[in-house]
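Counting starts at 1 for both ligands and their atoms, following the listed order.
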Amino acid sequence: MTRMKLVVGVSGASGHVYAQRLLMWLADQGRAAGVETHLVFSKYGRLVWDHEIGTDPKSFDFPLYSAGDMTAPFASGSARFDACVIVPCSAGQLGRIAHGVSTDLVGRAADVMLKERKRLVLVLRESPYSLVHLRNMTAVTEAGGIVMPASPSFYSKPATTEAVVDTVTARILDLIGLDNDQMARWKGMP
Ligand SMILES: Cc1cc2nc3c(=O)[nH]c(=O)nc-3n(C[C@H](O)[C@H](O)[C@H](O)COP(=O)(O)O)c2cc1C
C-alpha cells in the first residue's frame, strides 16, 4: 500500500552524499514503509552527482525523469504527490522557486508543492549567504516551504562520515513525517 508519494529532486549544489544517503534509506526502509519515491536530477545535478558520487542513480530502481520532462506525473497537482525534497538545493534553484520560475522539472515539482500546499523541503547548500539568498529563503518560507541548510550536527557524537551525513538525512525524514533511526536522538545531558 502506498503511504506517501514523494519526489526527490537533486540540483547542482555540492553535498550529493546527503542525496545518496537519503535515497539509500528510501530504497530500503522507505520502500518497505510504503513510500513511493520518484527521482529527478537537474542538468547540473547530474553532473555534480557524477563528480561527487559516481554511481548510476538507476540502481535505486526509482522512476527516474530527465530535467526537461514536464510530462512527469508530479508536474501536475492532480497527481497528488505528498511531498518534495530538493537535496542538495542550489542557490539558483532556491531563487527560481522563490520567484515561481520553473525552468526544469525540479523547479516545477517544487512549484506544484507550494501551490497545492504540500510539504516542500529545500536542503540548501551554499556558503556564505548573500542578501539575495536570505531574501529568497524568506520568500520560500512565507510561501509555505521549509528551507533546511545542509548543516550537520555533532551532539549525537557521530563517529563516521556517514553518521555525520545522517544527522542531516534524519532531519529531512523527520520533516516529511517518516519515522527513522538515522541518528541518535537527544535525550538531555547524561
Ligand atoms: C562541483 C560544483 C559544485 C557546486 N557547488 C554549489 C553549491 O554548493 N551551491 C550552489 O548553489 N551552487 C553550486 N554549484 C553551481 C551550480 O551547479 C550552478 O549554479 C548550477 O547552475 C545549478 O543548477 P541547478 O540549480 O539547475 O541545479 C556547483 C557547481 C559545481 C560544478
Item to check | F62 and F60 aromatic ring geometry - parallel, tilted or perpendicular at 30°/60° bounds | outcome: parallel

Checklist entry - Nearest heavy atom to atom 29 (C) of ligand 1: which of S14, S11, G12, G95 does it belong to? => result G12

Checklist entry - Would you say E52 touches ligand 1, if touching means a heavy atom closer than 4.0 Å? => result no

Checklist entry - Of the choices H16, H51, H133, R96, which has the non-hydrogen atom that lies closest to atom 24 (P) of ligand 1? => result R96

Checklist entry - For atom 30 (C) of ligand 1, which candidate among V48, I97, D104, L124 provides the closest heavy atom? => result V48

Next on the checklist: So that I can tick it off, tell me whether D50 and R46 are bridged by a salt bridge, with the cut-off set at under 4.0 angstrom between side-chain N and carboxylate O.
Outcome noted: yes

Checklist entry - Just distances here: any N/O of A13 and N/O of ligand 1 closer than 3.5 Å? => result no

Checklist entry - Yes or no on side chain to side chain contact (heavy atoms under 4.5 Å, CB included) for I172 and D174, after CA distance, side-chain angles and deciding distance? => result CA-CA 5 Å; I172 298 170; D174 290 350; over 6 Å; no

Checklist entry - Hey, are R21 and D166 close enough for a salt bridge, meaning a charged N less than 4.0 Å from a carboxylate O? => result yes

Item to check | Shortest protein contact, atom 9 (N) of ligand 1 (heavy atom only) | outcome: R125 O, 2.6 Å

Checklist entry - Taking the six-membered ring where the residue is Trp, are the ring centres of Y65 and F41 under 6.0 Å apart? => result no

Item to check | Nearest-contact summary for atom 21 (O) of ligand 1 - protein heavy atom, Å | outcome: Y44 CD1, 4.1 Å

Item to check | Single-linkage hydrophobic cluster, 4.5 Å side-chain cutoff, L26 and V40 together | outcome: no

